[in-house]
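Have a look at the structure below before the remarks.
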2 protein chains.
Amino acid sequence: MRDNKPITSIDVARAAGVSQSAVSRTFTPGAAVSDKTRAKIIEAAKALKYRPNAIARTLSSNRSHIIGMVLSQLDNLFYPTVVDKLSRVLQQHGFHLMLFFAEGRDVDNALTQLLAYQLDGVVLASTTLSSRLAKECVNANIPVVMFNRSADGAQASSVTSNNREGGRIAGEFLLENGHQRIAYIAGREDSSTNRDREAGLTAALAAANLSIYRRAVGNYEREDAASAARAIFAGKKPPDAVVVASDHMAFAVIDTLRFELGRTIPGDVSVVSFDNVPQAAWPAYELTTIVQSVDAMVSATTNLLLDQINAHEIVSSDVVVGCKLMVRKSVRLSPAQKVMLKS
Amino acid sequence: MRDNKPITSIDVARAAGVSQSAVSRTFTPGAAVSDKTRAKIIEAAKALKYRPNAIARTLSSNRSHIIGMVLSQLDNLFYPTVVDKLSRVLQQHGFHLMLFFAEGRDVDNALTQLLAYQLDGVVLASTTLSSRLAKECVNANIPVVMFNRSADGAQASSVTSNNREGGRIAGEFLLENGHQRIAYIAGREDSSTNRDREAGLTAALAAANLSIYRRAVGNYEREDAASAARAIFAGKKPPDAVVVASDHMAFAVIDTLRFELGRTIPGDVSVVSFDNVPQAAWPAYELTTIVQSVDAMVSATTNLLLDQINAHEIVSSDVVVGCKLMVRKSVRLSPAQKVMLKS
DNA sequence: CCAATTACTGCATACGTATGCTACATTGGA
DNA sequence: TCCAATGTAGCATACGTATGCAGTAATTGG
């Protein structure tokens, strides 16, 4: 036998000899109920195994406690890490993540589904179509945070790391360690993240009267990154260092260099990339990389969302999280640097 | 200016000169509306930018079109892959995934939150506390699928691959290729998956009058797996092959063997594991592994869930998806095998 | 001990959609 | 021409909770 009639607040009210309102207030933090009444109600609720119905609450209070997260794919470990941490933090505040996978040209479809669930907030982490989606959500009065990409004109908030700074740091570090022919493997060209990283690198090189030695596009994907590596290392005078726009691509680049082109790292080529995904620390790669602090980004996202939700008002702001270099073993160090790092 | 008053079906009805029921029926597949009325309504809806309210629909129809997914962590690429594929498939059927991270002893908390959202179904992919959660959901009349773990007594469905078969295949493959001292690095001992894989391996070895040469527990975690590898390779006569209960652990084992213990793979040791995570194909590992077909498992999960939802009835069944060996380069092949594989 | 607050409580209604039922219109068959 | 059957439309209500309002009980201050 199964419980076929779900227990409602009315059942609890009856059992406790109070009104339905009292039950509701008991389960609403901050509402006015006397301790005695609350105790009676809690007891009755426990006895009946009552669980408040979040859907009904949403309808009447206009707060779903659901945050939508729009993704395009999860094969790069960066986003799973984000989903994991973000979901946990939100859960502690009584919110939950609902996933929407979107890409290509089904924006309208995605939008309809997004808007249907009366979301309290939206996190956009999908590579494409962000700006249209953001605009429509804001129109519908839903706070939006663009995660790891910046808002081009939309009234949406954004959380990014300081990618320009990161690019600069990567470039300077390579220069300091005596590299001269520095190549760049780009992510998707339409992503702000890629643009900023490349701009920072270019600036660092310019300060030393250099420019990007060779360049190819990897689109944040493994196969494209491998092709990019081949292209960049074809011909004479190959680069002595490569900056790669994401760890995920860097793994492909390193694999290609080692197993296809027979180079050693960092003996023949140095590699620096971005993200500091867990695998970057694995002995097989020991990747020197620009750290995006997922924790800081997640907590910024949470704050941005919750503040707007509580204030019942959309206030867009852009949070830029600082980034730093994590030195491992994929860059050949100059003797001077080695001493410095040792001390 | 923002739209502060959301458009409801009543607004659309008024605009189209029909009743609210007609609007509702227009957006309910299979309901009876004449083409003429439907056309008027669609037009009015488009003009007003009407989007049906899924929450209100849930309250009145008792179908939320939300599937809960309970996870413990996403650092092993297997689960992100599952989340990605499952979410897409469900989305095509009009359902969406809501994430719940749970572990340790907050079962009651997790349960309250799960039950609050009137989920149409639940997928349990969390390592611990599955069986309690499953039971309570079924009690609440919610179909449950235990993903990649089997139901011990609960009236929940399950989808697993044929792990015993997989263990057997792994063992036989190593034996055929002349390995004699075969070690096993286990996942969490309380997981059915681990038990079955180990049982299959043991059976294969027994058929050759052998038994597991050495054994240690890796708990499906990287650090524990590395320790396990150290333990197993300490002392004389080290194993000539290791079966590892997951790819994720196998990467740690291989890293430890190569970079800490100075062994080559498959020269000194062969490695076989389970899952066939994307990274297993990367040149740095070239892992020979037992494939769990995520696609097959996802589609089985979807069917199990949707069938029960449509039937308004819980019917638990267990789906066991076949698995197969993916041969790459982490196992030393006997000369005979090499010829076979070449042909 | 009384008046003025304050602290609770219950009543009634709203949230937006789905759906059983009734009523009406249309069609086809005899 | 009339009746039965079928196809549509609208009415009314239910879903479970939150909350403004009004009323009552408890508390405080003088």
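Since we're looking at a predicted model, the values are computed, not measured. Lettering of chains follows the sequences in order, A, B, ..., and the numbering in each one begins at 1.
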Nucleotide dG16(D), atom P - distance to CZ of R57(B) in whole Å: 18 Å
Donor-acceptor pair, side chain of Q308(B) and main chain of V315(B), under 3.5 angstrom: yes
Distance in angstrom units between R51(A) CZ and dT17(D) C1', rounded: 18 Å
Donor/acceptor link under 3.5 angstrom from S24(B) side chain onto base of dT17(C): no
Closest to the R25(A) side chain, choosing from dG10(C), dA18(C), dA18(D): dG10(C)
Nucleotide dT19(D), atom C1' - distance to NE2 of H312(A) in whole Å: 13 Å
Rounded distance (Å) that lies between atom C1' of dA26(D) and atom CG of D35(A): 14 Å
Touch class at under 4.0 angstrom, heavy-atom based, for S61(A) against every strand present: sugar-phosphate
Flag, side chain of Q91(A) to backbone of F101(B), donor-acceptor distance under 3.5 Å: yes
Sugar-phosphate only, base, or nothing, as touched by A32(A) at under 4.0 Å among non-hydrogen atoms: base
Beyond-backbone contact of F27(B) with S9(B), side-chain heavy atoms, under 4.5 angstrom: no
Sugar-phosphate only, base, or nothing, as touched by V23(B) at under 4.0 Å among non-hydrogen atoms: nothing
Value in whole Å for how far the C1' atom of dG16(D) lies from CG of N62(B): 11 Å
Residues from residues 9-21 of chain A lying under 4.0 Å of DNA chain D - heavy atoms: S9(A), Q20(A), S21(A)
